[in-house]
Amino acid sequence: MSTLHGVNASPFVRKTRIALKEKGVAYEQIPVMPINVSDDFKKISPLGKIPVYSPEEGVNIPDSSVIIAYLEKVHPQPPLYPSDPVDFARALFLEEYGDSALVSEAGTIFRQRIVNPMFLGEATDDAAIKQTLEVTLPPLLSYLEEQAKAGEYLVGGAFSVADIGIVSPFVNMMHAGETVDASSYPNLARYLSNMMARPSIAELIEEEKAAFSAAA
Ligand SMILES: N[C@@H](CCC(=O)N[C@@H](CS)C(=O)NCC(=O)O)C(=O)O
């Protein structure tokens, strides 16, 4: 059986797990924490980051975007990339938007509200949360409100890597007590609520919630 290295709270591990679930691929998981990783782990993850996916002995694939692209080659059904070239490019960009800008803002809230108090015994920086919620996050929500007008999915009328990349950081925000205000961002709020009810994603959310409750 294949192996996924990384803890579930990571938005990048979650991206990978959603793709594995959508494609019906079974895997074992080794919950590697991305702090002070061992030299052995660096041999399979040269940047020292999670996730790493090992489909077979001696094959180790780091990086959620690379892993999902690999899975698409090996398990083409159901497709997670649009076939139209322009939609394909848009989906890759939205995945990157989630991985970079959105993970950065969601990460601040998650780190301050969950990681610091629960796992590191450190105080929550309320000023950092306020700055994120009032200054740096709203422009991203406005951009995504426009993208979510497309309908049920972000690109090409079907579930894709764009949806995986965008919804995953919002799951971290939800765990940290923040949901998108439907009166300010109606399309985005509706879109996220549909996405989080999708079986491959809802199942992970329930598992993660149970783990956070047990750790609290
Ligand atoms: N581009 C990578 C980013 C992975 C990443 O940044 N993972 C974080 C955990 S959420 C990590 O391992 N951080 C440890 C570090 O940067 O040293 C991907 O898509 O997998």
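By convention here, the first residue in the shown sequence is residue 1. Bear in mind the structure is a predicted one, so any value in this text is a computation, not a measurement. We count ligands from 1, going down the list as the structure has it; atoms in each ligand are counted the same way.
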So the atoms of ligand 1 within less than 4.0 Å of a heavy atom of S64 turn out to be 18 (C), 19 (O), 20 (O)
**OP:** Indicate yes or no: does an N/O atom of K15 lie under 3.5 Å from an N/O atom of ligand 1?
**Re:** no
inquiry  = Does this structure show an ion pair linking D163 with R198, if we count only N-O contacts that are shorter than 4.0 Å?
reply    = no
Atom 10 (S) of ligand 1: closest protein heavy atom, distance to 0.1 Å, is S10 OG, 3.2 Å
heavy-atom search around atom 17 (O) of ligand 1 in the protein gives G48 O, 4.2 Å
among protein heavy atoms, the one nearest atom 8 (C) of ligand 1 is I50 O, 4.0 Å
heavy-atom search around atom 16 (O) of ligand 1 in the protein gives K49 NZ, 3.1 Å
Q. So do F88 and L92 actually touch side chain to side chain, heavy atoms under 4.5 Å?
A. yes
(message) Between R17 and E207, does any NZ, NE, NH1 or NH2 come within less than 4.0 Å of an OD or OE carboxylate oxygen?
(response) yes
To the nearest 0.5 Å, atom CD of E95 lies from atom OG of S160 at 9.0 Å
Purely on distance, is any nitrogen or oxygen of D63 under 3.5 Å from one on ligand 1? yes
Query raised in the report: Are any of the N/O atoms in P11 less than 3.5 Å from those in ligand 1?
Result: no
(request) Report yes if the distance between the aromatic ring centroids of Y53 and Y27 is under 6.0 Å, otherwise no. (result) no
When distances are taken from atom 11 (C) of ligand 1, the protein heavy atom at minimum range is P34 CB, 3.7 Å
*Just by distance, with hydrogens left out, do S54 and H5 show a side-chain donor and acceptor under 3.5 Å apart?*
yes
Per-atom filter on ligand 1: closer than 4.0 angstrom to a heavy atom of P51 are 20 (O)
**Asked** Any idea how F159 and Y153 line up, ring-wise: parallel (<30°), tilted (30 to 60°), or perpendicular (>60°)?
**Response** perpendicular
